[in-house]
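Written out below as structure tokens is the structure these notes cover.
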Amino acid sequence: MDEQQKHAMYSTLRENIIEHLFAGELLRRLWQRGVFDAEILKSEFDAGGYDLVLTHEAHTRHIQLKISRVGGSRSHVSVNLRLSAKPSGCVVWIEVDDDLNIKGLWFFGAGPSQPLPDVKAMKIAKHTKGNAEGQKLERLGHRLIPKSHFKKVSDMDTLLEHLIDLRSTEGGDVHAI
């Protein structure tokens, strides 16, 4: 089985692994920055349009994760409109290599404690599998967001600055639980 087949066949497992690695990396960077009162909560299923919830002090960020392979052809992702109903929704697109190392991060959203930019006017997504007649019907509750709308993020610290307000922790301030 080649690498592309492996990623396609075991995509759910891959997504679970990356979600855990991503959450661990966020928490590790927060720890290293002296932030000990942050929490990450996991959604059991994607009905609300998000995978993780990150909280720190008064900030809550609902995060939808998208994953692709380095060098892959994916040029857009499908985003659930329910994410727009959250007070501070965003999308983090993670690019991984064949060994599931995080190689790239992209962010789509507004600043901490701000809602997701309006995506209703974007192209409506279609189901990936066809119905009995082979037609791929529209997913009215999902929109396609092109990669060009995402901001390339250089590292986990920069991503954290997009996700939550860490100004109160700069300068080595330590927060107790």
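Looking at Arg82, its side chain never comes within 3.5 Å of a backbone N or O of His142 through a donor-acceptor pair. Not a single donor-acceptor pair under 3.5 Å links the side chain of Arg139 to the backbone N or O of Ala125. Between the side chain of Lys66 and the backbone N or O of Ser78 there is at least one donor-acceptor pair closer than 3.5 Å. Within the 3.5 Å criterion, the main-chain N or O of Leu65 finds a donor-acceptor partner in the side chain of Asp51. Proximity of a side-chain donor or acceptor of Ser88 to a complementary backbone N or O of Gln114 within less than 3.5 Å is detected.
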Quick one: do Arg29 and Asp157 satisfy salt bridge (charged side-chain N to carboxylate O under 4.0 Å, His left out)? Show the steps, please. CA-CA 7 Å; Arg29 284 306 299 140; Asp157 282 325; 2.7 Å; yes
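Salt bridge annotation for Glu19-Lys42: present, with a cationic side-chain nitrogen under 4.0 angstrom from a carboxylate oxygen.
Between Phe108 and Phe150, the ring-plane angle classifies as tilted under the 30° and 60° cut-offs.
You'll find the ring centres of Phe36 and Trp31 inside the 6.0 Å limit.
Between His59 and Ser113, the side chains place a donor N or O and an acceptor N or O closer than 3.5 Å (distance only, hydrogens not considered). Between the side chains of Asp98 and His7, at least one donor N or O lies within less than 3.5 Å of an accepting N or O.
Val79 and Phe107 are members of different hydrophobic clusters when ILVMFWY side chains are connected at heavy-atom separations under 4.5 Å.
In this structure, Lys151 fails the cation-pi test against Trp106, since its NZ or CZ atom is not both closer than 6.0 Å to the six-membered ring centre and inside 45 degrees of the ring normal.
Rounding to the nearest 0.5 Å places CD of Glu15 at 11.0 Å from CG of Leu100. Between atom CD1 of residue Ile40 and atom CG of residue Leu27 there is a gap of 3.5 Å, rounded to the nearest 0.5 Å.
Across every non-hydrogen atom of Trp93 and Ser68, the tightest pair is NE1-OG, 2.9 Å.
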